[in-house]
Structure formats: C-alpha cells, structure tokens
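Below, chain A is the first sequence line, B the second, and so on; all start at residue 1.
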Number of protein chains: 2
Amino acid sequence: MQTWIRFRRPDGDAAYGRLDERDADRVIEFDGAGYTDPRPTGNTYSHAALELLAPCEPGKIIALWNNFHALAARLEKSVPEHPLFLLKPASSLAGPGDAIRRPSGYTGKIVYEGELGIVIGRECRDVRQSEAASHIFGYTVVNDVTASELLNADPNFPQWTRAKGSDTFGCIGPAIVSGFDWRGASVVTRLDGNERQNYPLSDIVFSPEALVSLLSRDMTLKPGDVIAVGTSIGVGSMKAGSVVEVSIAGIGSLVNHVSG
Amino acid sequence: MQTWIRFRRPDGDAAYGRLDERDADRVIEFDGAGYTDPRPTGNTYSHAALELLAPCEPGKIIALWNNFHALAARLEKSVPEHPLFLLKPASSLAGPGDAIRRPSGYTGKIVYEGELGIVIGRECRDVRQSEAASHIFGYTVVNDVTASELLNADPNFPQWTRAKGSDTFGCIGPAIVSGFDWRGASVVTRLDGNERQNYPLSDIVFSPEALVSLLSRDMTLKPGDVIAVGTSIGVGSMKAGSVVEVSIAGIGSLVNHVSG
C-alpha cells in the first residue's frame, strides 16, 4: 500500500507526493502523478502543514447508479445487468476542504452521496476482468454531490448530468491508496458530525474489477480517470454551512462544506 | 470569418492552422488553438494535402436532446423549459475521415445525428445571454453518433452516456469557423450519398447564445469545449462500410465511415 496525494506547495504550485511509509507525516514530492512513473524531486514536506488538492486530475468521472444491493432493495429496483452510469465533467472537480457551491439559480435540495472511487492507472480498452486490477492505480473517497430536484424536473428526460455535473459537485480525496483491499471496508458519511451512511463495500453489485472491465468496453478509460462506484442507503440533503465528511478506513476522510 | 483547422504535419505532430483568407488552399500554421491567442510559426501548408484532425480538443462535449421544434413535434414531446443534455467524454472524439467503430459486444443499430457544434473560446460561468456571443470562438459540424439500442436497454435508467459516449462517437470537424452566422444555415446529412437530413438551424429551440448562457449556469464551460446543439428529424442507422457526410454550408463537410 502506498498513499499518494496532490497538494499546494509553499510557492503556490500544485504538486504530487507520496507519504513516507515509515513516517506518515513526511511527504516525498514527485514530479508527476503516481500512475505516470514519476521521480522524486528531492523535496519533502510535513503532511500536516499542507493544503491538500484533489489527488488526481481526471479527464472524466464516471458515476454509477444503483450499484449496491441494499439501495436497490430500498428503491425497489432490480439489480442492473450492466453498470448504469453518467459522467461528471472534469470541471466539477473539488478537493479536500473545498466548498460545495450551490448552482446559480437552483434553490432545491443538495445531497451528499458517499462513495468509493477507483483511480485508473493504465489506459483500458476492452480489458478482461481478470486483467482489470492491473489497470487500477488505487482507490480514493468520493462525495458524488447532487442537485436532486433537477433530476426529474423535466418529464421527458432525467437530468443526471445537470444534477450531478455542477462545479464543486465532484469532491475527491484526501488521497489515493494503491493496493487497498476494498472488500473488508465500509463507507461512513457524517453530516455535521452525525453518522448518516455506514455501508459495507462488500454489498456492491459490480465490483471495481468488473466495473473497469465492463466500462472499458463502453469507452476507453485513461490514467487519472475516476470511477465513483455508486452509493448505498442513507443519502440526505445538506444546508448552507453543513460540513460533510466521507470516510473509508485505510484511505482517509474527505471533508467538505456547503458554502453560503 | 476565419477558418481554423487542426491537422497532422508531415513530421507526424498535430498542429493548428488558419486558412489564408486570400487563398483557401494555403494553411498558415499557428502554435496553438485559435482561442488561445496563438502566433504564426512561419510554416505554411497546402490544405488539400493535409490529414485533418478534429479541429479542437474538448475537455467535454455537451450534447443536447430535443432542441429543434420539428423533432419535438415528431416525437410528440413538449419543448423543454431548460436545455436537456448529456456529456460525451473527450475519449469519444473523432475527426474528419476517422472510422466510427462499433462498441465491443454491441450488435444493435448505430445511428448518425447531424448537428451544429459550438466551440467555446473563453471560460464561461454564469454568463448572460447578451454576453454569450463573446465567449463563442466559432462553429463546427458534429455527428453525434449513438448506439441507439442501448438507450432503453435498462427499464430504470436511460443510458444516454453509454449510448453516446463510446470511442469515435464524437465526430467533429472539418473546421471551426469564427463569426459564422448560423441563423440562415441548414444541416444536411447524406448517407452513402443519399440525403437523409436537411433542416434549418432557425428551427432551434435554445439558440447557441441561449445555450452558452444557460449551460454556463449549470457548469463552467472551458475553451475548446464543444456544445452539440442537438439534431432534428431524419436520424437513421448506418451499416458497416456506410459513409456519412454532415454538411453545413460555410463551415464544410464532415465525412466519416463505419468500420466494417
């Protein structure tokens, strides 16, 4: 297991780093993202003092719908035969500590969705499930923020992209952990300190390996792309000033707040 | 009006260029896309001899649904109150002459949708309609290719992204024309030489300026992003080996074929 971060250096530039395995507060700076075969720059930093950024810069964020058995049961929907997904654009990216901003002109509910995120390490096209793991760089935490009242605002067209694609609605971080074993982990979401989601990733319908394989048949996955594997029960709305924390033990806690 | 292209240089590198207004076969190479305030490199080429590429590299392609009155009437759908859209990923991009490839494992219909494309020139966030034109770099031609039988393959979730997001399904080109007046233009689509679509852009529901303004409230639009404004009546399916040509007089003809 290696833990990779992206951060703002004292000179203001964005940089990549890996936590020293022998000293978790020591960040070893690299000259690129972990999946680009980067080299150490020679600089080190104290983790605690750094301003963290979203740990990668995805070209696309693929967000799954209805990918946990418990949620499918709650929604009274059948489990899908193929992953069901939409895209959140790169422009929606937000990092640890960033404010979640209400879209202009929207006055409805804004909800959190705590999720596991897969970060692609190698380009994938028509990858077999048995080979999928080698294309996964690591795992991160995602808050798949949604302007839920836009979803069904039009009777003829569910507006998934509009509801989930706004700036700051793709919260990702605080780190990417390679070699992370998701099978025993849970996603815990706390709203203003109160636990709202706590579900085991073992309840997933399409595993990360299955997702990478099946999605790579639909479109080429590129290094740095993120797959948000979908949420489970306990989704709820946030208010101006709310603090939302999505945690996966072994990866970390992603904390954001709603501006306003 | 200026006509901008992207092309492969004799040395294999991708490059940007503008057609000489006094000699349409003379391409003046620039060191970046037209919307980046580029400078001439001093190189010139013969247009006829160049391999053209997609004329920009969009971070996202926003594709509109139900944005022409004639199509809404044919579908018996009400005209929407807000633009209805999905995203095609950057990985779906294809240029003039590129093959349209069938997604792995999909055996159903693949359809053409001839459209006008807007190319963003300046970053847009919450832009007023009266200011939208200054954020548009120019216009191009789009074939919004769709694996139509995926759309409703799941009873609970219309798969717009999956149906329209495959590699090579975002055909764009052959050029970007700045200062183009779309109001008097028509989109003409020919399949193996037979005219299948011929509709006036004046029938549009949300004009390019309205789209840029309204979509910029939903998400930040970045230079090079493309908005495919939606198609009208006459959409149909293509077979292996089919040649499809989408033309807008004043911009040009985008020709692609279905790989066999």
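- Side-chain contact between A/Phe206 and A/Leu64 is absent, with no heavy-atom pair separated by less than 4.5 Å.
- Formation of a donor-acceptor pair under 3.5 Å by the A/Ser207 side chain with backbone atoms of A/Ala210 is found in this model.
- Residues of residues 126-149 of chain B that come closer than 4.5 Å to chain A, counting heavy atoms only, are B/Asp126, ordered by residue number.
- Between chain B and the residues A/Gln159, A/His82, A/Lys60, the most heavy-atom pairs under 4.5 angstrom are made by A/His82.
- Contact check for B/Leu254 versus B/Ile172: no side-chain heavy atoms found under the 4.5 Å cut-off.
- At distances below 3.5 Å, not a single donor-acceptor pair connects side-chain atoms of A/Thr231 with backbone N or O atoms of A/Glu115.
- Options B/Ser166, B/Gly105, B/Pro103 differ in how many heavy-atom pairs under 4.5 Å they form with chain A, and the most are formed by B/Ser166.
- Side chain of B/Tyr199 to backbone of B/Ser202: no donor-acceptor contact under 3.5 angstrom is found.
- Under the 3.5 Å distance criterion, the side-chain polar atoms of A/Arg122 are left unmatched by any main-chain donor or acceptor of A/Tyr35.
- The choice from A/Ser78, A/Ala163, A/Ala153, A/Ser91 that makes the most heavy-atom pairs within less than 4.5 Å of chain B is A/Ser91.
- You'll find the side chain of A/Leu116 reaches within 4.5 Å of the side chain of A/Pro208, heavy atoms only.
- Taking 4.5 Å as the limit, some side-chain heavy atom of A/Val187 sits within range of a side-chain heavy atom of A/Leu201.
- Between chain B and the options A/Asp225, A/Asn66, A/Asp218, A/Thr220, the largest number of non-hydrogen pairs under 4.5 Å is found for A/Asp218.
- Residue B/Pro158 touches chain A through its side chain alone, counting heavy-atom pairs closer than 4.5 Å.
- In this structure, the portion of A/Arg101 lying under 4.5 Å from any heavy atom of chain B is its side chain and not its backbone.
- The contact between A/Pro89 and chain B is made by backbone and side chain atoms together, counting heavy-atom distances below 4.5 Å.
- Contact of A/Asp167 with chain B is made through backbone and side chain together, with heavy-atom distances under 4.5 Å.
- For A/Thr168, no part lies near chain B; criterion is any non-hydrogen pair under 4.5 Å.
- Among A/Ile62, A/Asp154, A/Thr161, A/Leu75, the residue making the largest number of heavy-atom pairs under 4.5 Å with chain B is A/Thr161.
- Among A/Leu86, A/Leu84, A/Leu150, the residue making the largest number of heavy-atom pairs under 4.5 Å with chain B is A/Leu84.
- Closest approach of A/Ile5 and A/Pro174 over heavy atoms only: CG2-O, 3.9 Å.
- Proximity of A/Tyr112 to A/Asn256: side-chain heavy atoms (C-beta onward) are nowhere separated by under 4.5 Å.
- By the 4.5 Å heavy-atom criterion applied to side chains, A/Ile100 and A/Cys171 are counted as neighbours.
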